[in-house]
Amino acid sequence: MEKVEEKMVFSRDEEFQATLQPNYDKHSELKAFDDTKAGVKGLVDAGNSTEVPRIFVHPRESIHDSSGFTEKEFVFPVIDLEGIDNPMRHKEIVDKVRDASETWGFFQVVNHGIPLPVLEEMLQGARRFFEQDVEIKKQYYTRDTTKKVAHVSNFDLFSPSVPAASWRDSLYCFMCPNPPSPEEFPTACREILIEFSKKMMKLGYSLFELLSEGLGLNPCHLKDMNCAEGLSIAQHYYPACPQPELTIGTRQHSDCVFITVLLQDDIGGLQVRHQNQWIDVPPTPGALVVNIGDLLQLISNDKYISVEHRVLSNKVGPRISVPCFFSTGAFPSPRIYGPIKELSSECNPPKYRATTVKEYTDYFRKKGFDGTSTLLDYKILS
C-alpha cells in the first residue's frame, strides 16, 4: 500500500491550545514581529501569506460565539442630516439621534456635509501610506503613546490580558487641539489628512449639538465641556487574510472617547453588539458611522450607551477604515469628567466616579482589547 504523507491539521481550539504549550515563547515571537516595524502588511509582502502565524490565532469564542442566536432581522439606524437647519426637521433629527444613542449606541449619517471626493481621497491617502515602501513607513513606527504621529501594529500587542494579536496595522495622528507641524505628517496622506480633519471638526460640532439636545440640554452643553476639543484620526489597514476563521481584524471593545466617527470602505466586516448579538454594519456609500464612546456614556450617566464592536478578518482585502476619535486621549487636560449634574438626581444618582480623559485613556491602553469594558472599573457600586 502506498504510504500517504500525513499533514497535521489543527482544529481552532487545538491550534489555540498549541500556542499555550511550554515550548511556545509568545513574547519572543511578538517581539520578533514588532521589531520588523513592517506590521501585518510586511508579513504578507514577505510571502508569509498562506498561514496565519500563531501569535494571531484567537480562541474560538473570540470570533464565533453563539450567544443570543435568533433569526430576527435588525435595521441598522441611518440618519439623514439634510435640512438640519429647518426647525421641524431639526427636531426629527434630534429624536432619531437620541433614540439610536440610547438603544444602539451606533448610527450612520448621510448628507453630513463632507463631500464624497474628500471621503474617497481620505481612503486613498490611507492606502498610499500603507502600500508605500516599508523603509518609509518604518520612520513612523513607534510604541510611544506621546507621539502625535504613530504607525503601529496592535497598540496592545504586549498586553498580557490580550490572547492574540489582531490582523491590522494602524497610523494614528493627533489633530486637535495642538497638532504637529504639517511636515510631521506622512507625505502620502498629509494634504488630505489636514483637509479631512477640518471638515470632521465641523461635523463633530454639529453631532455634539444634536447629542446635547437629545439629553435635554442646551445645544452647546457638550461643546462647553470640551468634549469636541480633541480629535485624533486613525487609519486602519486590514490585509487580506488567508485563514480568517483563525484570527480577527479588531477584537471586541468599546471606544475610550466621547464619540467616534468612522469612514469605511466597501469591504465590510464591522459588527456591533446589539441585543446580545453581532450585527453587521453595512457599508453605505457616502455614509459615516457614528458611535457613542465610554466617556459620553459616563457623563450621560448611562443615558447614552457605549457598545462593543469588532472587525472580522476577511480573505478579501485590504479593508481600509478611518476612525476619528473625539477625545484629548493621552495628552494632559486638567478637566475632570463625571456624570452631568442635570442628568443625575436622588432617584438616579451618579453611576460612575469622575476621571480625567488621560487617566481613563491610559488605563484603557494598559488593559488593551481584553474583552471587558473599561467602564466597569469606574462604576460606583451601590
Participant: Could you tell me if Tyr378 and Gln297 have a donor-acceptor pair between their side chains, going purely by distance under 3.5 Å?
Facilitator: no
Participant: Kindly check if the number of other-residue, nucleotide or ligand heavy atoms within 6.0 Å of CD1 (Ile336) is above 12?
Facilitator: no
Participant: Does the side chain of Phe130 come within less than 4.5 Å of Gln235's, by heavy atoms?
Facilitator: yes
Participant: Can you tell me if Ser153 and Lys41 form a side-chain donor-acceptor pair at under 3.5 Å?
Facilitator: no
Participant: Please tell me whether Tyr140 and His151 form a close aromatic pair, meaning their ring centres lie under 6.0 Å apart.
Facilitator: no
Participant: Tell me whether the NZ or CZ atom of Lys148 lies within the 45° cone about the ring axis of Phe331 and under 6.0 Å from its centre.
Facilitator: yes
Participant: Does one hydrophobic cluster hold both Ile320 and Val311, with members joined at side-chain heavy-atom distances below 4.5 Å?
Facilitator: no
Participant: Decide whether Thr374 and Asp294 meet the rule of one side-chain donor and one side-chain acceptor closer than 3.5 Å.
Facilitator: no
Participant: Would you say that more than 12 heavy atoms from the other residues, nucleotides or ligands in this model lie under 6.0 Å from the NZ of Lys223, or not?
Facilitator: yes
Participant: Can you list the steps and then say if His274 with Phe106 is a ring pair (Phe, Tyr, Trp, His ring centres under 6.0 Å)?
Facilitator: CA-CA 10 Å; His274 180 66; Phe106 266 81; over 10 Å; no
Participant: Report yes if some heavy atom in the side chain of Cys227 is under 4.5 Å from a heavy atom in the side chain of Leu296; otherwise report no.
Facilitator: no
Participant: Evaluate the side-chain proximity of His236 to Pro323: yes if any heavy-atom separation is below 4.5 Å, no if none is.
Facilitator: yes
Participant: What residues, two or more places apart in sequence or in another chain, satisfy ring-ring contact (aromatic ring centres under 6.0 Å, His included) together with Phe158?
Facilitator: His27
Participant: Would you say the side chains of Glu209 and Ser212 form a donor-acceptor pair under 3.5 Å?
Facilitator: no
Participant: Please round to the nearest 0.5 Å and tell me the distance separating atom OG of Ser206 and atom NE2 of His112.
Facilitator: 12.0 Å
Participant: Look at Arg98 together with Asp95 and state whether they make a salt bridge at an N to O cut-off of under 4.0 Å.
Facilitator: yes
Participant: Given side chains that start at C-beta, do those of Tyr337 and Val357 come closer than 4.5 Å, heavy atoms only?
Facilitator: yes
Participant: Would you name the heavy atoms of Leu43 and Pro53 that are closest together and state the gap between them?
Facilitator: CD1-CG, 4.1 Å
Participant: Give a yes or no on this: more than 12 heavy atoms of other residues, nucleotides or ligands lie within 6.0 Å of atom NZ of Lys199.
Facilitator: no
Participant: Closer than 4.0 angstrom, basic N to acidic O: yes or no for Lys26 and Glu29?
Facilitator: no
Participant: Could you tell me if the side chain of Trp104 sits less than 4.5 Å from the side chain of Phe76, heavy atoms only?
Facilitator: yes
Participant: Report yes if some heavy atom in the side chain of Lys37 is under 4.5 Å from a heavy atom in the side chain of Lys137; otherwise report no.
Facilitator: no
Participant: Using a 4.5 Å cut-off on heavy atoms from C-beta on, say whether the side chain of Phe33 contacts that of Leu157.
Facilitator: yes
Participant: Does Glu191 have more than 12 heavy atoms from other residues, nucleotides or ligands lying within 6.0 Å of its CD?
Facilitator: no
Participant: Would you check if Pro186 and Val149 make a side-chain contact, meaning some heavy-atom pair closer than 4.5 Å?
Facilitator: yes
Participant: Does either side chain, that of Thr250 or that of Tyr238, offer a donor lying less than 3.5 Å from an acceptor on the other one?
Facilitator: yes
Participant: For Lys198, is the NZ atom crowded, meaning more than 12 foreign heavy atoms sit under 6.0 Å from it?
Facilitator: no
